[in-house]
Amino acid sequence: MKNAFKEVVYMELTGWRGSLYHYMDWALKLAYLNILWLIGIVIGAGIAGFFPATVAMFSVLRKWAQDEGDELKVFAHFKNEYRKEFLKSNKYGYSWAVLGLILYVDLQFFRGIPTIWALIVSLFFFILGAIYIVALLYAFPVYVQYKLTLKQYFRNCLLIVLSNPLFSVLMVLGFYFPYYLMIKIPGLLPFFGGSLISLVLMMISNKMFTNLEKNKKAHESIS
């Protein structure tokens, strides 16, 4: 019924009216999802709610990015993913946080030593830190796309960064521009602060996942 209504609207609204309806529809969906994300964070008292809420949000966005969201009951799907992934997502998220903290402490430590070898080591940790940040952008798209162990998630994120430099650049830009928009217009934060950035990252990642699957099938057919 919902799809039929949308089809009728799209047929009746052409040109700029149809485009306006399309973007308004997406804006409302993203605002609703962002509110669910914030509620999920609050329910988990912040420190325990951020990662499961983010996983649930990316799971919904994955459905939308793959055109599976027309009949998706967003609230029910979000709630189910939040509950199901609560423990594992916190373990996953805080593993990333600990790894980032270790890299940061090591970098600051060696930067404080005024020797050539310390400068070389600090440069090494700086490069590792840059790779870590880009891999972190893939962390949740990879998590909702595949069912892996924690070790495999980290390995796959690293391999994706190193083997797909173009998509990695797109991921950085895909994070930066929505983030810049939120900084310039703070009033958007409560409605799009998480969902808009996550949508862009998920859409870029989904395109990359599709390419990886095509390459895998092409390789298997040759073999």
Side-chain angles (χ1 to χ4, degrees), residues 37 41 44-55 57-58 85-186 188-189 193-194 196-209 211-212 215-216:
W37 177 62
I41 293 174
I47 58 174
F50 177 81
F51 295 116
T54 303
V55 165
M57 177 173 62
F58 269 94
E85 301 294 340
F86 190 86
L87 294 177
K88 185 179 178 182
S89 63
N90 271 304
K91 184 178 179 181
Y92 179 65
Y94 280 108
S95 295
W96 277 101
V98 169
L99 177 60
L101 181 62
I102 291 172
L103 290 174
Y104 176 77
V105 170
D106 287 341
L107 175 61
Q108 295 302 316
F109 174 78
F110 286 106
R111 284 182 62 186
I113 301 176
T115 60
I116 295 297
W117 71 267
L119 178 62
I120 294 173
V121 174
S122 64
L123 179 61
F124 171 73
F125 276 106
F126 178 82
I127 295 172
L128 284 182
I131 294 173
Y132 164 84
I133 291 173
V134 181
L136 187 59
L137 298 178
Y138 286 108
F140 292 103
V142 169
Y143 186 91
V144 299
Q145 180 71 18
Y146 303 107
K147 298 298 180 183
L148 306 170
T149 64
L150 291 181
K151 182 179 179 180
Q152 289 172 329
Y153 280 126
F154 282 98
R155 184 187 64 187
N156 282 9
C157 288
L158 177 61
L159 290 176
I160 287 172
V161 172
L162 297 178
S163 61
N164 296 275
L166 176 59
F167 278 104
S168 296
V169 171
L170 290 176
M171 289 290 278
V172 173
L173 295 176
F175 174 86
Y176 173 76
F177 285 114
Y179 173 78
Y180 181 80
L181 179 64
M182 300 299 160
I183 296 300
K184 289 297 181 180
I185 313 176
L188 296 176
L189 283 171
L196 180 59
I197 293 174
S198 300
L199 173 66
V200 177
L201 295 181
M202 192 68 242
M203 292 182 71
I204 296 171
S205 298
N206 188 59
K207 178 64 177 176
M208 185 202 61
F209 296 146
N211 287 353
L212 289 177
N215 293 337
K216 181 180 178 182

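Every heavy atom of this structure was used, including side-chain atoms; hydrogens, water molecules and symmetry mates were not. All values derive from a computational prediction rather than experimental measurement.
- In this pair, Phe51 and Tyr94 present their aromatic rings perpendicular. The plane angle is above 60°, beyond the 30 to 60° band.
- Between atom CD1 of residue Ile47 and atom CD1 of residue Ile41 there is a gap of 12.5 Å, rounded to the nearest 0.5 Å.
- The distance from atom CG of Asn206 to atom CE of Met208, rounded to the nearest 0.5 Å, is 9.0 Å.
- For the pair Leu119 and Leu123, the minimum side-chain heavy-atom distance is 4.5 Å or more.
- Using a 4.5 Å cut-off on side-chain heavy atoms (C-beta onward), Asn211 and Asn164 make no contact.
- A 6.0 Å sphere centred on CE of Met182 holds more than 12 heavy atoms belonging to other residues, nucleotides or ligands.
- Test Leu199, Leu173, Leu137, Leu170 against Ile204 for side chain to side chain contact (heavy atoms under 4.5 Å, CB included) and you get one pass: Leu170.
- A distance of 11.0 Å separates CD of Gln145 from CG of Asn156, quoted to the nearest 0.5 Å.
- Across all their heavy atoms, Val134 and Ser168 have their closest contact at CG1-CB, 3.7 Å.
- In this structure, Cys157 and Ala139 approach most closely via the heavy-atom pair SG-CA, 3.8 Å.
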Residues Phe154, Ser95; criterion side chain to side chain contact (heavy atoms under 4.5 Å, CB included); working and verdict:
CA-CA 10 Å; Phe154 282 98; Ser95 295; 3.6 Å; yes
Evaluate side chain to side chain contact (heavy atoms under 4.5 Å, CB included) for Phe209 paired with Val142, printing each intermediate quantity in order.
CA-CA 9 Å; Phe209 296 146; Val142 169; 4.0 Å; yes
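- Between Phe140 and Tyr92, the angle of the ring planes goes over 60°, which puts this pair in the perpendicular group of the 30/60° scheme.
- Between Phe58 and Ser89, the closest side-chain pair of non-hydrogen atoms is not below 4.5 Å.
- The two residues Tyr153 and Lys147 make their nearest non-hydrogen contact at OH-CA, 3.7 Å.
- When all heavy atoms of Pro165 and Leu162 are compared, the closest pair comes out as CD-O, 4.3 Å.
- Rounding to the nearest 0.5 angstrom, the gap separating the NZ atom in Lys91 from the CH2 atom in Trp96 is 15.5 Å.
- Between Gln108 and Phe125 there is no side-chain heavy-atom pair separated by less than 4.5 Å.
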Dump the intermediate steps for side chain to side chain contact (heavy atoms under 4.5 Å, CB included) on Leu107 and Leu103, then the final yes or no.
CA-CA 6 Å; Leu107 175 61; Leu103 290 174; over 6 Å; no
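- Annotation: the span from Leu189 atom CG to Leu181 atom CG amounts to 9.0 Å, rounded to 0.5 Å.
- More than 12 heavy atoms of other residues, nucleotides or ligands shown are found within 6.0 angstrom of OH on Tyr146.
- The 12-atom threshold is not exceeded at CD1 of Ile116, counting heavy atoms of other residues, nucleotides or ligands nearer than 6.0 Å.
- Contact annotation: the side chain of Asn90 approaches that of Pro52 to within less than 4.5 Å [non-hydrogen atoms, C-beta and beyond].
- Taking both residues in full, the closest heavy atoms of Ile197 and Pro178 are given as CG1-CB, 3.5 Å, listed atom of the first, atom of the second, then distance.
- The shortest distance between side-chain heavy atoms of Val200 and Phe177 does not fall below 4.5 Å.
- Checked against a 6.0 Å centroid threshold, the rings of Phe167 and Tyr138 do not count as neighbours.
- Atom CD1 in Ile113 sits 9.0 Å away from atom OG in Ser122 (nearest 0.5 Å).
- Put simply, the side chain of Met171 does not reach to within 4.5 Å of the side chain of Phe175, judged on heavy atoms.
- At a cut-off of 3.5 Å, with distance as the only test, a side-chain donor of Tyr143 or Glu85 sits close to an acceptor on the other residue.
- Contact annotation: the side chain of Phe109 never approaches that of Tyr104 to less than 4.5 Å [non-hydrogen atoms, C-beta and beyond].
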